[in-house]
S.K.: 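Please read through the structure below; I'll follow up with questions.
Proteins come first, then strands; the chains are lettered A, B, ... in the order of their sequence lines, and each starts at number 1.
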Amino acid sequence: MYNEIIKLPFQKALSKLNINEEVDIILEFPKNPEHGDLSTNIAMQLAGKLKKQPRQIAQEILDTIEYDKELINKLDIAGAGFINIKFSNKFYSQALKNIYEIGNNFGKSDKGNGIKVNVEYVSVNPTGLLHLGHGRNACIGDTIANLYVWMGYVVTREYYFNNAGNQMNNLAKSIYARYRQQLDNPDFPFPENGYHGDYIKEIANDLINGNSDKLIEENEENLTIIRKFGEKWCFGKIKKTLERMSIHQDVYYNEDSLYSDGKIKDVIDEFKKKQIAYEKDGALWLALSKMGLEDDRVIVKSTGEPTYRLPDIAYHREKFLRGFDLLIDIFGSDHIATVPDVLAGVKALGFGPDKVKVYIHQFVTLTENGEQIKMSKRTGKSYTLDDLLDEVGPDVVRFFLLMRGISTHLEFDLGLAREQSDKNPVFYLQYAHARLCSVFDNAESKGLKLNDDVDFQLLQHETEINLIKQLLTFPDFIELACNKGEPQVLADYLRELAAAFHVFYHDCRILGVGDKLSIARLALAKVTLIAMKNGLTILGISAPTRM
RNA sequence: GGUCCCGUAGCUCAGUUGGAUAGAGCACAGGUUUCCUAAACCUGGGGCCAUAGGUUCGAAUCCUAUCGGGAUCACCA
């Protein structure tokens with residue numbers, strides 16, 4: 001939008017002045033409205049290179065630059081050498097016309113150009129229920145996937161899991177113990193590192209209901225049946241919880257298939273061929289120290305069993321082989337140590353590390369009245385994501401989990417979340433949407449319909465111009481949120497958009513001000529409605545028509 | 001002890017990648033509705049940007065050290 005109108009004249013002016021230094025023309029939105037609508041620090045950037053005063057360079061640019069005076073009111077120099085740009089209202093009415101004509105797709109982009117992206121998130125093994133931390137991971141992953149879709153990428157949403165190994169056996173033993181305790185022996189010993197959660201008792205109960213005492217003998221065969229039962233039970237719950245938050249994933253990738261399909265062996269062979277794997281003490285080591293990392297690590301234990309690194313590397317390789325151009329991983333901070341190893345391994349296999357983006361989010365703490373609520377697994381009294389969804393509903397959960405930057409610890413304030421009032425920030429956005437819908441309902445009942453014959457130049461009020469300004473940046477914020485992997489960027493933007501709308505709504509009547517003006521304001525309202533709806537959709541939050 | 005994240009208003013957090021007088025929500029004090037939803041709007045108080053140095057025209061932002069909170073460390077995943 002701003003490119004042709006602003007950047008081009010600047011570029012031309014610079015070349016006329018024979019300034020050929022490589023500089024980006026950075027445009028900023030000044031905080032202080034007295035500094036114009038847009039400003040650039042180009043003169044200051046050039047000052048060092050040209051060894052001249054910034055203000056002098058700025059003056060030379062202004063003496064040379066040619067621009068459309070219908071669209072730009074004035075350019076002036078301020079402060080240390082900023083060039084401030086002030087647009088005309090005509091600029092804004094034209095800009096609004098442009099985005100009005102885009103319609104429902106406002107905010108969509110084709111910059112992704114059909115590039116195939118795989119976003120992997122949640123990826124919890126089926127040994128238990130989802131808690132708040134998983135919820136954060138799920139919402140971040142789902143929203144980032146949505147952002148990529150809106151940016152024109154082709155997105156696959158993936159869930160990676162492991163249904164073999166120690167933890168699953170542990171689950172089976174835990175269920176078995178509860179099964180015996182409920183069935184015939186209240187004192188049956190519970191495994192030392194077993195899963196203490198109450199859900200294990202539920203599983204045991206369901207097991208009894210379906211099988212009675214058929215599985216009472218402790219043998220390999222029965223434990224396998226119990227393990228599979230537990231896996232299915234947990235997966236069912238996990239998927240149901242995710243569904244409540246409108247999260248659907250396309251591919252459930254089983255780690256086990258990497259073994260059965262020989263992918264693990266392929267990777268070992270390739271590492272050996274490249275001479276970055278070696279045997280020592282009966283184990284196979286990956287020579288990470290040759291790749292700039294501190295220590296070499298074991299990838300196959302002396303027992304012949306791979307460590308987690310190997311399947312993780314094989315899995316990433318497999319995703320590339322499946323044809324993805326970009327891999328995105330969403331991890332909790334507990335995975336932070338494994339990332340460099342896996343990335344180094346993937347790189348060693350010839351896949352550029354710039355093709356893998358890893359987003360690591362910090363933990364969630366649940367608080368109420370300033371006090372922390374424990375979510376420990378040990379005690380069995382864990383507060384699950386389902387509990388939270390029951391209590392405050394999916395919109396509040398999603399918004400709360402997305403409204404902070406992913407790299408900060410997130411404090412989930414249960415008291416605030418429960419609040420069904422104006423204190424709760426999510427309602428501020430939803431209310432803007434509901435208000436807009438109601439305006440259109442009223443317009444329709446008055447027989448006023450939006451058509452293509454809109455005189456956008458009637459929009460001159462300060463709050464109208466301000467709302468237009470806000471709307472114009474919607475696509476930029478989607479792109480920024482996508483590139484940064486930060487849903488919060490979009491959440492913040494939507495709050496500001498809602499604020500700009502509420503102020504406009506307060507100061508300017510939309511209906512009953514004469515058909516021509518009403519139509520123009522309805523057009524502005526329409527674009528706002530679309531942006532708000534699209535933004536909420538990307539965040540996975542419902543857009544109510546009535547509140 | 002090593003690595004990573006964080007430290008900004010009473011609380012929870014932003015800060016457009018180094019720019020102009022550091023922002024928002026909540027909380028607190030006050031005000032606005034014969035009029036499209038008051039879940040809204042307006043006004044006000046509130047800050048040594050953890051601390052100490054450094055880099056430069058310019059630092060909350062970059063570098064170094066220190067302090068404090070969290071995560072992590074393996075032939076566990």
Side-chain angles (χ1 to χ4, degrees), chain A residues 26-32 34-35 39 41 44-45 47-48 53-54 78-82 84 125 127 162 165-167 255 280-285 294-295 297-309 311-312 332-340 360-363 365 367 370 403-413 416 419-432 434-443 445-446 463 473 476-477 480 484 488-489 491-493 495-496 498-499 501-513 518 521 525 546-547:
Chain A
I26 296 170
L27 299 173
E28 299 182 312
F29 298 101
K31 295 168 214 158
N32 187 337
E34 281 171 31
H35 296 144
S39 80
N41 62 352
M44 287 131 106
Q45 283 188 291
Q53 292 297 321
F82 292 98
N84 294 334
N125 287 336
T127 58
N162 178 11
N166 272 335
Q167 295 310 313
E255 178 185 324
K280 193 179 101 184
D281 306 329
L284 189 68
W285 294 67
E294 283 285 308
D295 301 309
R297 300 286 184 195
V298 169
I299 51 175
V300 181
K301 296 187 250 178
S302 52
T303 59
E305 230 179 304
T307 64
Y308 70 87
R309 289 181 193 85
D312 273 8
S333 61
D334 52 336
H335 280 72
I336 210 153
T338 79
V339 171
I360 293 173
H361 62 86
Q362 298 296 316
F363 278 21
T365 52
T367 62
M403 69 179 179
R404 302 296 178 222
I406 68 167
S407 66
T408 63
H409 297 103
L410 188 150
E411 187 164 313
F412 196 110
D413 184 337
L416 183 61
E419 191 85 44
Q420 296 288 317
S421 74
D422 56 343
K423 283 179 196 163
N424 195 322
V426 67
F427 296 136
Y428 188 74
L429 308 189
Q430 293 184 314
Y431 181 60
R435 247 186 172 179
L436 281 157
C437 289
S438 124
V439 169
F440 281 96
D441 283 349
N442 291 330
S445 68
K446 287 185 179 170
T463 62
T473 58
D476 303 332
F477 277 92
L480 184 65
K484 287 177 76 167
Q488 188 233 16
V489 166
D492 268 4
Y493 168 81
R495 200 191 41 71
E496 274 177 37
F501 165 70
H502 285 308
V503 173
F504 156 71
Y505 182 91
H506 185 266
D507 285 8
C508 299
R509 281 197 61 82
I510 296 169
L511 304 177
V513 288
S518 282
R521 286 183 173 161
R546 192 175 296 278
M547 280 175 79

S.K.: Kindly determine whether Ser421(A) and Phe427(A) satisfy side-chain contact (heavy atoms from CB on, under 4.5 Å), including the steps that lead there.
M.R.: CA-CA 8 Å; Ser421(A) 74; Phe427(A) 296 136; over 6 Å; no
S.K.: Take atom C1' in A77(B) and the same atom in C67(B), then report the distance between them in whole Å.
M.R.: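 So the two C1' atoms sit 34 Å from each other.
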S.K.: For the residue pair Leu511(A) and Val439(A), what are the closest heavy atoms and their distance?
M.R.: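 Looks like CD1-O, 3.9 Å.
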S.K.: Counting primed atoms plus P, OP1 and OP2 as sugar-phosphate and everything else as base, spell out the protein contacts along nucleotides 69-77 of chain B at 4.0 Å heavy-atom distance: B, S or - for each nucleotide, 5' to 3'.
M.R.: BSSS-SBSB
S.K.: It should be established whether Tyr493(A) places a side-chain nitrogen or oxygen under 4.0 Å from OP1 or OP2 of nucleotide A24(B).
M.R.: no
S.K.: Distance between the C1' atoms of C42(B) and G47(B), in whole angstroms?
M.R.: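 One C1' to the other, the span is 24 Å.
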S.K.: Determine: side-chain N/O of Lys423(A) to OP1/OP2 of A27(B), distance under 4.0 Å, yes or no.
M.R.: yes
S.K.: With P as the reference atom in both, quote the distance from C26(B) to C73(B) in angstrom, rounded to an integer.
M.R.: 40 Å
S.K.: Touch check for Met44(A), heavy atoms < 4.0 angstrom, all strands: base, sugar-phosphate only, or nothing?
M.R.: base
S.K.: Starting at the 5' end of RNA chain B, what dot-bracket string do you get if Watson-Crick and G-U pairs under 3.5 Å are bracketed, crossing pairs use [ ], other-strand pairs use | and unpaired bases use dots?
M.R.: (((((((..((((.....[...)))).(((((.......))))).....(((((..]....))))))))))))....
S.K.: Given G19(B), C6(B), C41(B), identify the nucleotide with an atom nearest to the side chain of His506(A).
M.R.: C41(B)
S.K.: Need to verify one output field. Residue with the more 5' nearest nucleotide on RNA chain B, His35(A) or Phe427(A)?
M.R.: His35(A)
S.K.: Rounding to an integer number of angstrom, what distance separates G23(B) and U64(B) when you compare their C1' atoms?
M.R.: 29 Å
S.K.: Among C13(B), A38(B), A20(B), which nucleotide has an atom closest to any side-chain atom of Arg435(A)?
M.R.: A38(B)
S.K.: Roughly how many Å apart are G31(B) and U16(B), using the C1' atom of each and rounding to a whole number?
M.R.: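 Pairwise C1' distance, U16(B) against G31(B), rounds to 34 Å.
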S.K.: What nucleotide, of U37(B), G25(B), A40(B), holds the atom closest to the side chain of Arg495(A)?
M.R.: G25(B)
S.K.: Please report the distance separating the P of U3(B) from the corresponding atom of U66(B), rounded so that it comes out in whole Å.
M.R.: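 U3(B) and U66(B) have their P atoms separated by 11 Å.
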S.K.: Using atom C1' in both nucleotides, what's the gap between C48(B) and A59(B) to the nearest angstrom?
M.R.: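 Pairwise C1' distance, C48(B) against A59(B), rounds to 15 Å.
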S.K.: Under 3.5 Å, is there any donor-acceptor pair linking the side chain of Asn84(A) to the base of A20(B)?
M.R.: yes
S.K.: Between Gln420(A) and Ala78(A), name the one whose nearest nucleotide on RNA chain B is closer to the 5' end.
M.R.: Ala78(A)
S.K.: Mind listing the closest non-hydrogen atom pair of Arg546(A) and Asp441(A) along with its distance?
M.R.: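 The pair with the smallest heavy-atom distance is NH2-OD2, 3.7 Å.
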S.K.: Any side-chain N or O of Ser438(A) under 4.0 Å from OP1/OP2 of U37(B)?
M.R.: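 Checking U37(B) against Ser438(A), a side-chain N or O does come within under 4.0 Å of OP1 or OP2.
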S.K.: For A52(B) versus U61(B), give the span between their P atoms, rounded off to a whole number of Å.
M.R.: 13 Å
